[in-house]
Amino acid sequence: MSYTVIYDGDCNLCANFVSILEKYDRGRQFCYIPMQDQEKLNILNVTLKDCEMGMIFFDNTNPIFRWQGSEAAEEIVRRLPMGASLIAVYRSLFPLKAMGDAAYIQIRDRRYQLFGKRDRTYHTAYPVGCVARGDSTHIQN
């Protein structure tokens with residue numbers, strides 16, 4: 001898996017987004033860490049303050065490439081089939097991009113009020129350290 005998605009595992013919207021993404025990708029490109037997994041975040045040098053700014057997405061082969069918030073969502077979509085073209089058009093339309101960025105901030109800051117908070121943190125079938133093979137997963141040692 002080439003990329004890591006750090007998401008709010010207590011947020012219904014975030015968990016549903018990750019659930020859809022993992023069903024589509026099946027661990028081929030993306031692995032996931034909920035923001036509530038402080039142990040893994042510490043290893044990646046990600047703080048709770050970092051997490052307050054929204055979803056984080058980074059390239060596992062070169063962690064210098066790191067995106068957050070609406071940029072993270074765009075970069076995830078860009079890596080899906082036909083996503084690069086879609087994101088290129090979206091980013092070229094300044095009013096649309098600006099509205100999307102502003103909407104992300106509003107949703108991020110009100111996500112529990114708008115979409116609810118889960119009783120338990122959502123953990124994916126493809127956590128960091130998991131290698132996907134076919135339809136099953138195997139944990140790396």
Side-chain angles (χ1 to χ4, degrees), residues 1-91 93-141:
M1 291 172 260
S2 302
Y3 305 100
T4 296
V5 177
I6 300 174
Y7 65 99
D8 183 348
D10 290 346
C11 168
N12 282 324
L13 175 65
C14 307
N16 288 333
F17 172 73
V18 167
S19 176
I20 290 166
L21 189 58
E22 72 179 327
K23 285 176 187 168
Y24 171 78
D25 181 62
R26 295 186 178 189
R28 288 185 291 272
Q29 290 187 80
F30 307 113
C31 59
Y32 310 89
I33 302 173
M35 291 177 179
Q36 291 72 21
D37 190 337
Q38 190 59 53
E39 185 178 322
K40 287 184 181 160
L41 295 179
N42 289 342
I43 292 168
L44 298 171
N45 200 29
V46 174
T47 67
L48 291 177
K49 188 162 179 72
D50 294 332
C51 292
E52 289 174 9
M53 300 308 295
M55 176 181 3
I56 301 169
F57 179 66
F58 64 90
D59 185 329
N60 293 336
T61 59
N62 192 352
I64 238 172
F65 293 110
R66 180 172 160 172
W67 301 268
Q68 188 153 22
S70 61
E71 295 287 332
E74 292 168 23
E75 286 298 319
I76 291 167
V77 171
R78 196 169 72 80
R79 284 158 176 79
L80 300 174
M82 309 261 314
S85 299
L86 177 67
I87 293 300
V89 170
Y90 170 78
R91 287 178 174 169
L93 300 172
F94 179 76
L96 187 59
K97 168 80 170 118
M99 288 188 312
D101 291 345
Y104 183 92
I105 292 168
Q106 295 301 312
I107 291 168
R108 175 198 70 200
D109 293 346
R110 293 169 182 78
R111 64 189 177 272
Y112 297 141
Q113 294 94 332
L114 295 171
F115 301 99
K117 185 172 182 179
R118 300 174 64 85
D119 294 335
R120 290 183 291 155
T121 299
Y122 179 75
H123 294 275
T124 75
Y126 306 99
V128 166
C130 182
V131 176
R133 295 191 181 124
D135 288 333
S136 62
T137 59
H138 304 278
I139 304 298
Q140 287 181 330
N141 294 328

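Values below: every heavy atom of this structure, side chains too, minus hydrogens, waters and symmetry copies.
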Can you see which heavy atom on [X] is nearest to which on [Y], and at what distance?
X	Y	answer
F115	N12	O-ND2, 2.8 Å
E74	D101	OE2-OD1, 3.7 Å
Y122	Y7	O-OH, 2.5 Å
S70	K97	OG-NZ, 4.3 Å

- request: Could you please spell out the steps behind the side-chain hydrogen bond (donor to acceptor under 3.5 Å, both in side chains) verdict for T47 and D50?
  value: CA-CA 5 Å; T47 67; D50 294 332; 3.2 Å; yes

Would you say that [X] contacts [Y] through its side chain, given a criterion of any heavy-atom pair below 4.5 Å between the two side chains?
X	Y	answer
C31	T4	yes
V46	R66	yes
Q38	L48	yes
I76	F17	yes
H123	Q36	no
V128	N60	no

message: Which residues pass the side chain to side chain contact (heavy atoms under 4.5 Å, CB included) test with L96, not counting sequence neighbours?
response: Y90, L93, M99

message: If I take atom OH from residue Y32 and atom CE from residue M55, how far apart are they, to the nearest 0.5 angstrom?
response: 11.0 Å

field: Reported CD1-to-NZ distance for the pair I6 and K40, which is rounded to 0.5 angstrom
entry: 11.0 Å

field: Q68 side chain vs G54 backbone, donor-acceptor pair below 3.5 Å
entry: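 A pair under 3.5 Å: yes.
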
- prompt: Mind checking whether F65 and W67 have parallel, tilted or perpendicular rings, split at 30° and 60°?
  reply: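 Parallel.
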
- request: Evaluate the side chain to side chain contact (heavy atoms under 4.5 Å, CB included) criterion for residues E22 and V5: first the C-alpha distance (whole Å), next the side-chain angles of each, then the deciding distance (0.1 Å), finally the verdict.
  value: CA-CA 11 Å; E22 72 179 327; V5 177; over 6 Å; no

- prompt: Does CG in N45 sit with more than 12 non-hydrogen atoms of other residues, nucleotides or ligands closer than 6.0 Å?
  reply: no

message: If you count heavy atoms of other groups shown closer than 6.0 angstrom to CD of E39, is the number above 12?
response: no

- prompt: Does the distance from a Lys or Arg side-chain N to an Asp or Glu carboxylate O, for E75 and R79, drop under 4.0 Å?
  reply: yes

task: Tell me, with the steps shown, if I33 and L44 meet side chain to side chain contact (heavy atoms under 4.5 Å, CB included).
output: CA-CA 10 Å; I33 302 173; L44 298 171; 3.2 Å; yes

task: Only pairs at least two apart or in different chains count here, so list each salt bridge (Lys or Arg N to Asp or Glu O under 4.0 Å) that has a residue in residues 107-128.
output: D8-R111

query: So, do Y126 and F30 have ring centers that fall under 6.0 Å from each other?
result: no

